[in-house]
2 protein chains.
Amino acid sequence: MIEINAPQLRESHEARMMTFPEQFERFARIHLPANLSDAAILRFQALGRAAAVSREEALALNLHADHLVFVCSGATKLVAHASDRRDQVVGFHFPDELVVVPARAEHSYTLEAVRPSELLVFDYRDFTELARSDPAVLRSLLECARGSLSRSREKSLALGRKTATERLAGFLVAMAVRIGSIRDGTLSIDLPMSRRDIADSLGLTIETVSRQFSVLRELGLLETTGKAGVRIPDLRALEARAGYLTEAA
Amino acid sequence: MIEINAPQLRESHEARMMTFPEQFERFARIHLPANLSDAAILRFQALGRAAAVSREEALALNLHADHLVFVCSGATKLVAHASDRRDQVVGFHFPDELVVVPARAEHSYTLEAVRPSELLVFDYRDFTELARSDPAVLRSLLECARGSLSRSREKSLALGRKTATERLAGFLVAMAVRIGSIRDGTLSIDLPMSRRDIADSLGLTIETVSRQFSVLRELGLLETTGKAGVRIPDLRALEARAGYLTEAA
DNA sequence: CGCCTCTTTGACTAGGGTCAAAAGTGGTGG
DNA sequence: CCACCACTTTTGACCCTAGTCAAAGAGGCG
């Protein structure tokens, strides 16, 4: 273990919790415009609250309101719940990302920690109301929503039309891009989520996910170390298994 | 046929094409703030172009740019294309709705007409650039994106975790809400899309969709008239078959 | 009215789910 | 430092839902 690109994902004993102002400062640096007045920043700060969520715990939220959550540290999943406790992970989130958690409708949504996480929570209505006349903040929210929409559409394609192997290959490619790092000269991922989380994200069972890991391993497309470690010797080769469109005009 | 709530979906011989200014005026009324100056409106108008697309035809777009498309009349589908010409419909759109069509990435997207449609096309970059300092326009775009994201997440849940029957039931409930009307005292839908479109939207085959129509018909949850007509005597009963979360605290 | 397409139904297959058990992981305490 | 233990992951055997292939039946436009 020479270097870790995403140290904020690690659970470590010495990980000091951030104070609320530190968390907010981090959020503001990324998602609020740089030239915002101190007074305006304080108004946004007044809307937020910090929440620490431990592994597999759901963030407590008012079910009847939309929320905006900023991930300071850790890793989270947004889970949609249908009848018969069938769950679908509709997205994973990593530090510095912003998530919109919808209110309960035909289905309910919970934001759950995949690793112990520090979160900053806003009421969506309050936040957009305060931002209603601030184009820079609105643009930031719009970009966030567009990114989520794009990932969600890719997921629809995977869930609707791809085989189990393609889904796992695509998932690992996406994770490599988002939280991968180079170790010993090889692209590596330290997966923060369990096989169950992956299964619930890909619309499969844990057994099928496990079998597909074996398939990709036997194809020489990846090596696994322990439960979480994945090494990808050839990202292009893995992409080719993901059912992506072949390069054409 | 006593009344039709969504006459704009009908293909009719006498349907006169709208002129570009008429189309734009309709778009502006819905998606631009009422108090926008004439000069500003003209700047937006200068960015748009009208396009008429016939049934099953794809809107011609620059593949390497995002687009914003307003549906004036007809009905469209946004289709994601994976390898081996497997297609996934990621959304349907009806008059007065706004769609974001993403540029080609790992997969490509096309916007195709399900009925002959009149569309208003904008380059997404140009549009947001012009709107960059207009909070009202940005809020409108944000609302549009949030609605699409919400529908897309519901679709992920359906594709990942629901049975064929639940998917069709949920689809018909959603269509009833979006384009249904009351005829002879019964909730009715005149489906603008083919069985293939429905299958591509639900991640099924046309045969399975057809079989599920038969299942719901035999359960007394719907009646079909011709290829497109669906009557829903009891919406609540159909919802109960859609795998929605049962009403709880 | 007739033809062509779309939809429905039927028979069979296969990919992934289910149930069960073995193997591996990693944390804890002796 | 290692052995134990609870839990997660992997593997195996079998099953079921939806896919595939094929053919019959309806619709609707000319």
Side-chain angles (χ1 to χ4, degrees), chain A residues 1 10-13 54-56 84-88 114-116 158-169 171-172 190-218 222-230 241 243, chain B residues 1 10-13 54-56 84-88 114-116 158-169 171-172 190-218 222-230 241 243:
Chain A
M1 273 172 252
R10 310 257 28 149
E11 288 174 72
S12 68
H13 300 287
S54 52
R55 208 168 158 287
E56 290 300 282
D84 307 311
R85 56 195 147 58
R86 288 174 295 180
D87 293 344
Q88 174 67 39
V114 148
R115 301 265 122 174
L159 296 177
R161 287 289 177 240
K162 295 199 175 180
T163 65
T165 311
E166 289 174 330
R167 293 186 205 185
L168 183 61
F171 171 80
L172 291 173
D190 187 46
L191 291 174
M193 70 288 284
S194 68
R195 294 289 185 271
R196 166 149 302 287
D197 293 330
I198 298 173
D200 284 346
S201 169
L202 300 181
L204 301 169
T205 59
I206 52 174
E207 294 94 331
T208 299
V209 169
S210 186
R211 278 186 255 269
Q212 300 314 318
F213 264 105
S214 302
V215 168
L216 293 176
R217 206 184 297 119
E218 279 155 30
L222 55 82
E223 294 158 34
T224 53
T225 57
K227 298 178 183 179
V230 179
R241 276 269 151 184
Chain B
M1 274 173 249
R10 310 259 24 149
E11 287 174 71
S12 67
H13 301 287
S54 52
R55 210 169 155 288
E56 291 299 282
D84 307 311
R85 54 196 148 58
R86 289 174 295 181
D87 293 343
Q88 174 67 40
V114 147
R115 302 265 123 175
L159 296 178
R161 287 289 177 238
K162 295 199 176 180
T163 65
T165 311
E166 288 174 332
R167 293 185 206 185
L168 183 61
F171 171 80
L172 291 172
D190 187 45
L191 292 173
M193 70 289 284
S194 68
R195 293 290 185 271
R196 164 148 305 286
D197 293 330
I198 297 172
D200 284 346
S201 169
L202 301 181
L204 301 169
T205 59
I206 52 174
E207 293 94 331
T208 298
V209 169
S210 186
R211 278 186 255 268
Q212 300 314 319
F213 264 105
S214 302
V215 168
L216 293 177
R217 206 184 297 119
E218 279 156 29
L222 55 83
E223 294 158 33
T224 53
T225 56
K227 297 179 183 179
V230 178
R241 276 268 151 186

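This one's a predicted model, so the numbers in the text were calculated from it and none came from an experiment. Proteins get letters first, then strands, A, B, ... in listed order; numbering begins at 1 in each.
- The side-chain contact (heavy atoms from CB on, under 4.5 Å) test applied to D87(B) returns V79(B), H81(B), D200(B), not counting sequence neighbours.
- The side-chain hydrogen bond (donor to acceptor under 3.5 Å, both in side chains) check on T225(B) picks up nothing, with sequence neighbours excluded.
- Contacts of E56(B) classified as side-chain contact (heavy atoms from CB on, under 4.5 Å), with partners at least two apart in sequence or in another chain: K77(B), D197(B).
- Taken over five-pair windows at either terminus, the axes of the helix from dC1(C)-dG30(D) to dG30(C)-dC1(D) are inclined to one another by 40° (rounded to 10 degrees).
- Bracketed by its first and final contacts, the part of DNA chain C lying under 4.0 Å from non-hydrogen atoms of chain A reaches from dG16(C) to dG26(C) in 5' to 3' order.
- Annotation: side-chain contact (heavy atoms from CB on, under 4.5 Å) contacts of L204(A) (sequence neighbours excluded): A164(A), R167(A), L202(A), T208(A), V209(A).
- For the side-chain hydrogen bond (donor to acceptor under 3.5 Å, both in side chains) test, residues two or more places apart in sequence or in another chain that qualify with R86(B) are E166(A), S83(B).
- The CG-C1' distance, from L202(B) to dG19(D), rounds to 15 Å in whole Å.
- Legend: residues meeting side-chain contact (heavy atoms from CB on, under 4.5 Å) with S210(B), ordered by chain and number and at least two apart, are absent.
- In this structure, OG1 in T163(A) is found 9.5 Å from CG in D84(B), a value given to the nearest 0.5 Å.
- Remark on DNA chain C: of its neighbouring residues V209(B) and G203(A), the 5'-side contact belongs to V209(B), judged by nearest-heavy-atom nucleotide.
- The side-chain hydrogen bond (donor to acceptor under 3.5 Å, both in side chains) search around R217(A) returns T224(A), not counting sequence neighbours.
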Any protein N or O atoms within reach of nucleotides 12-14 of chain D? Criterion: under 3.5 Å, listing atom names and distances.
residue, atom, partner, partner atom, Å
dG12(D), N7, R211(A), NH1, 3.1

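- In the displayed structure, R241(A) atom CZ is contacted under 6.0 Å by at most 12 heavy atoms of other residues, nucleotides or ligands.
- Interatomic distance, CZ of R195(A) versus OG1 of T205(A), reported as 13.0 Å (0.5 Å rounding).
- Between K162(B) atom NZ and dT17(D) atom C1' the separation is 17 Å, expressed in whole Å.
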For nucleotides 24-26 of chain D, which of its nitrogen or oxygen atoms have a protein nitrogen or oxygen under 3.5 Å away, and what is each distance?
none

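- Residues L222(A) and F213(A) approach most closely at CD1-O, 4.1 Å, considering heavy atoms.
- Scored by the side-chain hydrogen bond (donor to acceptor under 3.5 Å, both in side chains) test, Q88(B) finds no partners at all (sequence neighbours excluded).
- Ranked by how close their nearest DNA chain D nucleotide is to the 5' end, R161(A) and M193(A) are led by M193(A).
- Between R217(A) and dT10(D) there is a side-chain N or O to OP1 or OP2 distance below 4.0 Å.
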Test log, rule side chain to side chain contact (heavy atoms under 4.5 Å, CB included), inputs L216(B) and L172(B): CA-CA 11 Å; L216(B) 293 177; L172(B) 291 172; 4.2 Å; yes
